[in-house]
2 protein chains.
Amino acid sequence: MKTNNTNKQSVTVHDVARVAGVSKSTVSLVLRGSDKASDRAKEKVLKAIEETGYVYNREAAAMRSKSSDLVAIVINDLTNPYSANLAVALEKHIRELGLMATLVNTSENALTQTQIVAKLQEYRVKAFIICPTPNTQASWLNQLQKPHTQVVSIMRQVDGSQVPCVLPNNEMGAYNATKALMARGHKHIAFIGGDAAISDYHQRLAGFNKAAKEQVDIQTWVFNSTTNRHGGRLAMSECLAQVPQVESVVCFNDIVAYGVIEYLAEQNLKPGADIGVIGFDDLDDSKLMSVPLSTVKIDANDIAKAVCHILKNDTQEGLTQVPVELIERSS
Amino acid sequence: MKTNNTNKQSVTVHDVARVAGVSKSTVSLVLRGSDKASDRAKEKVLKAIEETGYVYNREAAAMRSKSSDLVAIVINDLTNPYSANLAVALEKHIRELGLMATLVNTSENALTQTQIVAKLQEYRVKAFIICPTPNTQASWLNQLQKPHTQVVSIMRQVDGSQVPCVLPNNEMGAYNATKALMARGHKHIAFIGGDAAISDYHQRLAGFNKAAKEQVDIQTWVFNSTTNRHGGRLAMSECLAQVPQVESVVCFNDIVAYGVIEYLAEQNLKPGADIGVIGFDDLDDSKLMSVPLSTVKIDANDIAKAVCHILKNDTQEGLTQVPVELIERSS
DNA sequence: AAGGTAAAATGGAACGTTCCAAGAATAATT
DNA sequence: AATTATTCTTGGAACGTTCCATTTTACCTT
């Protein structure tokens with residue numbers, strides 16, 4: 001029963017108003033769910049919308065009202081499974097807030113990041129949720145923050161920036177993981193993987209060192225690597241070569257742990273039984289591996305909730321540390 | 001040297017015009033890079049923009065000109081590594097076209113898909129690039145296509161839909177993979193993993209069967225699974241239990257192959273040496289595994305290029321099949 | 001039934017840009 | 001130097017919505 005006028009000019013509030021027999025203003029009221037319109041009017045307008053196939057023009061609305069409902073999620077590297085997880089969780093929670101989420105990827109490139117964000121500013125986005133690339137300037141991040149534009153930085157801290165920041169409690173996570181290995185009676189423990197250019201790394205390493213220092217007879221080693229599976233494998237091979245007496249390892253994240261486990265398998269060493277392995281993130285795969293991976297879980301939903309809390313309340317509180325949870329499985 | 005008026009109303013073309021000593025229309029011309037403005041005017045305007053800190057209001061522009069440069073990339077599941085790869089490649093190529101890409105995730109949920117797309121329509125996006133969820137209605141996809149809205153479906157084909165579609169040549173890929181295994185002299189070959197609800201599955205399986213039928217003494221089996229690492233492991237365990245004489249397997253994709261390899265390692269079987277394994281996709285990790293994975297590479301850039309070709313030329317050609325490449329490594 | 005009050009509906013202005021038709025300035029031609 | 005052709009520039013209207021001040025309608029109260 002739809003009136004087919006798709007080939008004509010686009011349908012506007014005026015058309016809907018005409019069909020419904022009310023004014024443009026009333027239609028606008030109904031569209032925004034105002035309680036100032038009578039039920040009878042609402043009904044008529046809704047029917048007219050259905051009949052005409054009207055679609056709301058959010059650009060026009062945004063221009064007039066000077067407020068947008070667009071939230072940009074600026075992710076450093078979507079091909080990283082944890083980032084993708086987080087992005088999806090953020091998108092879902094933002095949508096539940098009644099806002100529109102748009103996702104962009106900066107590929108860890110600071111220049112790309114500035115370019116994309118500049119373009120997004122032209123769309124008057126209401127908020128930026130940014131996982132900053134390495135070399136992000138604090139001044140740049142700060143000036144992004146404006147009366148009608150919120151900025152939240154996530155997962156990584158930019159020195160000297162004034163914008164609210166949501167982080168997992170990296171130090172606590174690594175501390176707990178290390179203590180758990182010490183509780184197994186292990187005294188030779190290594191920290192494997194991670195990139196010193198990122199703030200996460202230092203926080204996790206700090207937790208590791210803090211735990212180790214609490215007991216006098218603990219020996220530790222650190223082996224850096226690129227933050228991927230291959231890096232984990234290489235670092236673990238180096239570790240075993242240099243420190244054959246190593247009893248267990250704390251990995252920078254699960255992906256690195258996967259590489260570690262892969263190398264152990266090649267050496268006929270069984271994770272958990274022969275060498276303790278604890279990861280960080282708790283990716284979906286981790287619980288499903290042949291030897292389920294022990295890990296420090298960062299719940300993406302918790303991060304997303306903390307971000308949404310800041311968005312809703314427009315608070316300027318500096319740092320939100322999201323608790324993490326040690327999940328001991330078989331490794 | 002910037003005039004600080006950030007706390008005032010926002011800066012508009014009028015302000016820039018006043019500062020530059022030209023008309024609003026001239027400013028608009030310069031903004032759009034028109035060659036109808038003199039170099040002297042351009043220079044003055046550019047300087048004024050710098051001075052005033054003007055930022056372009058794309059909503060206002062889009063409303064007036066009735067054309068947007070927003071391209072929506074609607075991805076079925078961003079937590080799938082291949083999808084994330086593809087999304088990143090698409091975003092990059094679309095940006096190079098001078099358009100703005102926005103990424104959204106539907107989590108394989110048809111209802112979410114309709115909701116998100118409806119919301120995006122309110123932003124008057126220029127084009128939808130959709131990897132459709134299972135149960136996507138062809139009629140829904142078709143009516144999305146309008147005079148000013150292009151639609152391209154990627155990776156999956158929706159029966160009965162009229163929108164242009166870009167697919168990897170799944171059948172050819174699986175065919176070549178299977179033939180490569182046959183060339184090793186294998187006669188007992190299984191197809192592992194994949195979900196029958198998705199068009200990919202049937203195309204890849206068809207290629208597998210086609211190759212097997214070309215030689216009289218080939219025996220084949222098919223083991224379905226969920227399309228993840230865990231599924232691959234389960235399917236492979238079932239396969240080995242039921243078909244101990246199996247010599248090699250074609251996997252639905254690399255992720256499934258990872259699960260397969262994991263299970264083989266548990267059974268002390270070496271991929272390539274004991275059992276041939278070929279994947280599909282060529283994820284970054286595949287070349288870096290302890291036994292580098294043989295696989296059928298789907299180049300995400302090729303898919304993105306094909307999509308951009310359709311966007312540029314506004315062609316309505318039905319199906320674009322992107323060539324795939326068999327990469328034989330050690331498995 | 002008349003007056004008063006609250007609720008509902010409305011027309012015009014405004015948001016910041018681009019389009020358009022037309023005017024001004026400059027260059028080219030005779 | 002006068003005319004024509006060409007290149008630049010410009011003010012006003014328009015895009016589709018929301019805001020605002022005002023009018024109309026509905027609902028009470030006495």
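Note on naming: letters A, B, ... go to the chains in the order of the sequence lines (proteins, then strands), and numbering restarts at 1 for each one. Please read these numbers as outputs of a predicted model, since none were measured by experiment.
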So, are [X] and [Y] salt-bridged, with charged N and O less than 4.0 Å apart?
| X | Y | result |
| --- | --- | --- |
| Glu91(B) | Arg95(B) | yes |
| Lys119(B) | Asp69(A) | yes |
| Asp15(A) | Lys24(A) | no |
| Asp299(A) | Lys305(A) | no |

Taking only N and O in the side chain of Lys66(A), is any of them less than 4.0 Å away from OP1 or OP2 of dG16(C)?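 So the side-chain polar atoms of Lys66(A) do come within 4.0 Å of the phosphate oxygens OP1 or OP2 of dG16(C), strictly under.
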Short side-chain N/O contact from Tyr54(A) to OP1 or OP2 of dT17(D), under 4.0 Å =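 Affirmative; the distance criterion is met.
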d([atom1], [X]; [atom2], [N]) in whole Å:
| X | N | atom1 | atom2 | answer |
| --- | --- | --- | --- | --- |
| Asp15(A) | dC15(D) | CG | C1' | 13 Å |
| Ile49(B) | dT17(C) | CD1 | P | 10 Å |
| Lys42(B) | dT7(D) | NZ | P | 14 Å |
| Arg58(A) | dC15(D) | CZ | C1' | 18 Å |
| Glu59(B) | dT17(D) | CD | C1' | 12 Å |
| Glu122(B) | dC15(D) | CD | P | 21 Å |
| Asp35(B) | dC8(D) | CG | C1' | 11 Å |

Inset, instruction - Using a heavy-atom cut-off of under 4.0 Å over every strand shown, decide if Asp39(A) touches base, sugar-phosphate, or nothing. - result: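 Nothing: the residue Asp39(A), judged by heavy atoms under 4.0 Å, touches no strand.
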Check every strand shown and say whether Thr12(A) touches a base, only sugar-phosphate, or nothing at a heavy-atom separation below 4.0 Å. sugar-phosphate
So CZ of Phe128(B) and CD1 of Ile73(B): to nearest 0.5 Å the spacing works out to 12.0 Å
Contacts of Met63(B) and Arg32(B) projected onto DNA chain C by closest heavy atom; the upstream (5') one is Met63(B)
Test applied, side chain to side chain contact (heavy atoms under 4.5 Å, CB included); reference residue, Cys308(A); option that passes from Val166(A), Ile303(A), Leu97(A), Val152(A):
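It is Leu97(A); the other options fail the test.
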Anything under 3.5 Å between a protein N or O and an N or O of nucleotides 9-12 of chain D, put it in a table, one pair a line.
{"unit_1": "dT9(D)", "atom_1": "OP1", "unit_2": "Ser38(B)", "atom_2": "OG", "d": "2.7"}
{"unit_1": "dT9(D)", "atom_1": "OP2", "unit_2": "Ser38(B)", "atom_2": "N", "d": "2.9"}
{"unit_1": "dT9(D)", "atom_1": "OP2", "unit_2": "Ser38(B)", "atom_2": "OG", "d": "3.4"}
{"unit_1": "dT10(D)", "atom_1": "OP2", "unit_2": "Ser23(B)", "atom_2": "N", "d": "2.8"}
{"unit_1": "dT10(D)", "atom_1": "OP2", "unit_2": "Ser23(B)", "atom_2": "OG", "d": "3.1"}
{"unit_1": "dT10(D)", "atom_1": "OP2", "unit_2": "Thr26(B)", "atom_2": "OG1", "d": "2.8"}
{"unit_1": "dT10(D)", "atom_1": "O5'", "unit_2": "Ser23(B)", "atom_2": "OG", "d": "3.4"}
{"unit_1": "dG11(D)", "atom_1": "N7", "unit_2": "Ser25(B)", "atom_2": "OG", "d": "3.0"}
{"unit_1": "dG11(D)", "atom_1": "O6", "unit_2": "Ser25(B)", "atom_2": "OG", "d": "2.6"}

More than 12 foreign heavy atoms under 6.0 Å from CD of Gln137(B): is that the case here?
-> no
*asked:* From C-beta outward on Ala60(B), which listed nucleotide comes closest to its side chain: dT17(D), dG16(C), dC19(C)?
replied: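 Closest nucleotide among those given: dG16(C).
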Considering only heavy side-chain atoms of Val13(A), the closest of dC19(C), dC19(D), dT17(D) is dT17(D)
